[in-house]
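The structure appears right after this line, and notes come after that.
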Amino acid sequence: LPTHSAEYKNRSKRKRCEVWGENPKQNDWRRVGDWPVGMKNIGNTCWFSAVIQSLFQLPEFRRLVLGYSLPQTVLESCRSRTGKRNIAFMQELQCLFALMLGTRRKFVDPSAAVELLRDAFRSAEEQQQDVSEFTHKLLDWLEDAFQLAVNVKNPGDKSENPMVQLFYGTFLTEGVHEGNTFSKIETFGQYPLQVNGYCNLNECLEGAMVEGEMDEATASQSVKYGQERWFTKLPPVLTFELSRFEFNQSLGQPEKIHTKLEFPQTIYMDRYLYCSKELIQMKREEIKRLKEKMVILQQKLESQEACFYKLTCGFDEGTDTGTEDGPCFLTNSSLQPKSHLVLQACSSPAGPSERPAPHMVSEDELNLVRTCLQRWRNEIEQDVQDLKESIARITLSIEQMYCDPLLQQVPYRLHAVLVHEGQANAGHYWAFIYDQPRKRWLKYNDISVTESSWEELERDSFGGLKNASAYCLMYISDQVSCLAGSEAGQFQKEVEALPPELRHYVQEDNWRLEQEAEEWEEEQSCKIPQMEPSPASESQDLSSESGPVCEQSVRSLSSEHALIAKEQTAKAIANTAEAYEKNGVEAALCEVGAEPWPRGALTVQAEPAQDAETEAAARASSQVSEVEIPSVGKIPVRSDADGYNEEVMLSPAMQGVILAIAKARQTFDRDGSEAGLVKAFHEEYSRLYLLAKETPTPQNDARLQHVLVYFLQNNAPQQVVERTLLEQFADKNLSYDERSISIMKVARAKLREIGPDDVDMEEYKRWHEDYSLFRKVSVYLLTGLELYQNRKYHEALTYLVYAYQSNTKLLLKGTSRGVSKSLIALYRRKCLLKLNEVAASLFVSCEEACVAEGIGILNELIIPCMHLMNKFEISKEDLDAIEVMRNRWCSYLGQEDMDAKLQEKLGELLPRLLDCSTEVIVLKEPPKIRPNSPYDLCSRFAAVMESIHGASAVTVK
């Protein structure tokens, strides 16, 4: 909110110890790219994280929160406590969302927003909050806050409230009570569903939509009650509360329901809409009829299965051993099939028979019984099979009842699942949220955000297996375009579109992160032994300096320019150690001399080789020793007779800083380290200012010596210049004596005091990016010129083309932003003409391999470069050169001594060579270049420019 910009700056700052801990790995505290950030649990606030993360990942909700604003008149007229609270909460939510978009931290701290919400839960402050209760409260506050803005134009009209439009729907209740019919429309935000007694989400919804009997025949009977609910309007974001808690009367406390409940990734809501009422009622009646029929079939099945079981047992066992479960006439143990015996009266039986049975059964009679039983068992077995098949058909009919395409017109896609693990009175919340750009599920568990899967979601959310289960389901309409997932890179676009106050708030937090990281690194360096410095990587690519901005781009790029001669500086400090110990810093610097570069570095020819005696004398007058340098380590130093080695002389940037500190010695000793810094700062600024005003020569470009020379020559804002120079004085390589250490610490303290309100960090970043691009262009140009001098035209052209392209971007901002446009164009033309001669000679050689090579040069280099030249404002010299190259190839048309196949290939080449409008330009990848210190660049620049000095432009006849 514009009126609260001061509050953004005064927001509570996180403690560094809470961020870094003891783990030195950057991946544990830095965000990687645009990966979603986690949220810190500040004490039983996992419920807050689960809900806020689910809402934040809705692009439309995010847009509404970040774009929320109120007119000044509304802010002044808001007197109620709740109104002020809601506005304050919106401000905190905006800050939180802005950080979640643009922070470089791996997780954010929601303390300010949580404290406001906790005021509404004071009765249960120390307990975990119920997700449903919190979400209700959150939506209420958001609705009230947005209503303040709506009331400006339409007082009291909630239909225009964005929160109502996004999260609230309506349903119609129709019913009968004691013979009286009723109907009413109600509004809902989160729709509650019972879990107990249901297997899946559709069953829950069906149970919630229909209660009791609604038949017309029973409607007139006062003892009957029933009602149906129909959704009349569904919100774009449809939230279901799953009631997994019930109160145990005997125990007097709530219990969690762990029943398994399945839910789909896409649910079709047509069957619950009022517009589908007639069709659905017919299907419900059909389902009711099928279920009644299935109950009857199920009863028959159970009866038949029981008979089948008894028959099976009686037939298999009764005739042999006589079991109690078999038929009574087959289970008497005394029964024997003897056809020759007759029945004899038994006046005194041994004992009463347990079951009545014939005294004798013949073999024929027994076979008859067996045949009957077998037939009967087969018939029952067939009946059982038929009943099972009928039940399966009815079950399938019920399951497919709503698969009608007419009832699949309103799809809702699962967006988030809020999970609770634990019991009713304690537990932990987290969320599964579908990431649309990545096409996968992510698990948001406090500060951790990890990749997940639907299988893991099922395991943790359906319930039944362990005490973790879904508690809240958030579906979004597939038909509302604003709810579609963010595209790749969307976060960065939204950060750039933030209001200035929020953007500065994010920049300030990111800057604070870099300060915390630097302090932490200093502490770590004090805990571990100094290590020997590792050599700079030869494969490091300078082109990355001007590539996409990573999470540390502003700080790392400016630090790179401050530390660009780090290795040379460290070695130079080591070489001056002996002189410093004897006579101080000024004496050591006087040994170096006033010239910034050794004379030998400006010569092109190699120096004459020394004879054996001279080399032996040089070795005798030199000694190698190890010097311990604070913050750097042990460095082998070869001291020449005069105490230092010119090969590792101080770079101009650091030489100037050390000299400035030395000149400020008296001020430092008299007035302290801060005054010493001010004095040294002015000394170095004056030196660089005069250097920037010097008239350049063909062999010297002062911009390559120091970033501030580039800034001053291009009239950079004073705040950008001063901050950049202050970073030079904060360089940790200045730890070579007590005075420099004190000044370095003061410089670092002043850097930490500078915030986004003092320096426009976006502008600061752009200036350093421009200088980085300028250095890259210089390396491209120098490399291309060196390759041209070595007659490597193929490689040289690639470097010169990229130098020209990148330099054009710089020159659009000012003539001093880049290098000489005409110089690059001159040698680009020279390379093109040389390569064209080579390609033409190869083409007319008639040798197959040579012809293919010539065509390759033409296709890969010459044609793309010619067409690229035509895209920009082209000079007369370039036009003449292009005409010469075209004429060379056109001259081969119709030559009688040229092979027919060559004429055919020429006919294929010429249209591309002559017509630039239809050509798709495809250049090779930019060439890899090594990083260069200012010493290397200035030396190379001087050598190359001296060798080409006085070269005349290519004239084309």
Side-chain angles (χ1 to χ4, degrees), residues 11-12 14 18-19 21 28-29 31-32 34-59 61-62 65-66 89-90 92-121 124-139 141-142 167 190 237 239 241-242 414-422 426-435 441-452 456-457 460-461 468-474 491 509:
R11 185 167 312 284
S12 59
R14 82 167 72 201
E18 297 174 350
V19 181
D28 292 331
W29 39 265
R31 184 179 189 176
V32 179
D34 62 348
W35 188 257
V37 298
M39 196 170 294
K40 183 181 177 184
N41 189 331
I42 57 175
N44 291 340
T45 57
C46 50
W47 47 273
F48 180 88
S49 173
V51 175
I52 289 298
Q53 291 279 22
S54 302
L55 294 174
F56 174 80
Q57 295 301 329
L58 293 169
F61 181 80
R62 196 165 63 234
V65 169
L66 292 172
F89 178 71
M90 281 300 303
E92 295 299 341
L93 198 60
Q94 282 186 319
C95 292
L96 184 61
F97 275 25
L99 282 183
M100 292 169 75
L101 276 178
T103 186
R104 296 174 194 150
R105 303 180 190 270
K106 197 170 184 177
F107 59 89
V108 295
D109 187 338
S111 300
V114 171
E115 285 306 314
L116 284 173
L117 276 169
R118 275 183 167 162
D119 289 340
F121 295 102
E125 186 174 3
E126 301 304 324
Q127 301 176 6
Q128 288 192 312
Q129 305 307 321
D130 182 278
V131 168
S132 301
E133 184 184 4
F134 164 66
T135 309
H136 279 300
K137 186 70 65 176
L138 173 66
L139 293 180
W141 286 19
L142 291 172
F167 293 104
Q190 294 173 275
V237 181
T239 307
E241 297 177 11
L242 303 182
L414 186 61
H415 164 68
V417 179
L418 279 63
V419 180
H420 177 267
E421 182 178 25
H428 178 59
Y429 289 102
W430 70 84
F432 290 101
I433 304 174
Y434 189 73
D435 192 292
W441 287 94
L442 302 182
K443 183 178 181 180
Y444 292 74
N445 191 351
D446 288 340
I447 65 172
S448 171
V449 182
T450 56
E451 288 187 4
S452 185
E456 182 184 2
L457 188 153
D460 289 353
S461 305
S469 53
Y471 194 71
C472 185
L473 305 177
M474 192 176 292
F491 277 13
D509 185 77

(request) Test side-chain contact (heavy atoms from CB on, under 4.5 Å) on L93 and I52 and set out the steps. (result) CA-CA 9 Å; L93 198 60; I52 289 298; 4.0 Å; yes

(request) Indicate the atoms forming the closest heavy-atom contact of A113 with F89, along with that distance. (result) O-CE1, 4.0 Å

(message) Nearest 0.5 angstrom please: L242 CG to Q190 CD, how far?
(response) 10.5 Å

(request) State which residues pass side chain to side chain contact (heavy atoms under 4.5 Å, CB included) with S448; sequence neighbours excluded, sorted by chain then number. (result) T450

(request) Could you label the plane-to-plane angle of the Y471 and H420 rings as parallel, tilted or perpendicular, counting under 30° as parallel and over 60° as perpendicular? (result) tilted

(request) Only counting residues at least two apart or in another chain, list the ones meeting ring pair (Phe, Tyr, Trp, His ring centres under 6.0 Å) with Y444. (result) none

(message) Looking at H415 and S54, would you say the former's side chain and the latter's main chain have a donor-acceptor pair under 3.5 Å?
(response) yes

(message) Using a 3.5 Å distance criterion without hydrogens, assess whether the side chain of W430 forms a donor-acceptor pair with backbone atoms of E421.
(response) no

(request) State, to 0.1 Å, how close E456 and S452 come at their nearest heavy-atom pair, and which atoms those are. (result) OE1-OG, 2.6 Å

(request) Verify side-chain contact (heavy atoms from CB on, under 4.5 Å) between L142 and M90, making sure each step is shown before the conclusion. (result) CA-CA 7 Å; L142 291 172; M90 281 300 303; 3.3 Å; yes

(request) Check whether any side-chain heavy atom of H136 lies under 4.5 Å from a side-chain heavy atom of E241, and answer yes or no. (result) yes

(request) Kindly say whether F56 contributes a backbone atom to a donor-acceptor pair with the side chain of R62 at under 3.5 angstrom? (result) yes

(request) Go through the structure and list residues passing side chain to side chain contact (heavy atoms under 4.5 Å, CB included) with I447, not counting sequence neighbours. (result) K40, F107

(message) Can you tell me how far apart CG (L457) and NZ (K443) are? Round to the nearest 0.5 Å.
(response) 10.0 Å

(message) Taking the side chain as everything from C-beta on, heavy atoms only, tell me whether L96 gets closer than 4.5 Å to M39.
(response) yes

(message) Given 3.5 Å as the limit, does a donor-acceptor pair link the side chain of R31 with the main chain of T103, or not?
(response) yes

(message) On a heavy-atom basis, which atom in A416 and which in I433 lie closest, and how many Å separate them?
(response) CB-CG1, 4.0 Å

(request) Walk me through it: do M100 and F97 pass the test side-chain contact (heavy atoms from CB on, under 4.5 Å)? (result) CA-CA 5 Å; M100 292 169 75; F97 275 25; 4.1 Å; yes

(request) State, yes or no, whether a side-chain contact exists between N445 and H428 at a heavy-atom distance under 4.5 Å. (result) yes

(request) Please report the closest heavy-atom contact between D460 and V419, naming both atoms and the distance. (result) O-CG1, 3.5 Å

(message) Return the CZ to CD1 distance between F48 and I42, rounded to the nearest 0.5 Å.
(response) 8.0 Å

(request) Determine, stepwise, if the pair L138 / L55 fulfils side-chain contact (heavy atoms from CB on, under 4.5 Å). (result) CA-CA 11 Å; L138 173 66; L55 294 174; 3.4 Å; yes

(request) For L66 and A98, work out which heavy atoms get closest and say how close. (result) CD2-N, 3.8 Å

(message) Could you report the tightest heavy-atom contact between C472 and T239, atom names first, then the distance?
(response) SG-CG2, 3.4 Å

(request) For residues L442 and W35, determine if any side-chain heavy atom of one lies less than 4.5 Å from a side-chain heavy atom of the other. (result) yes

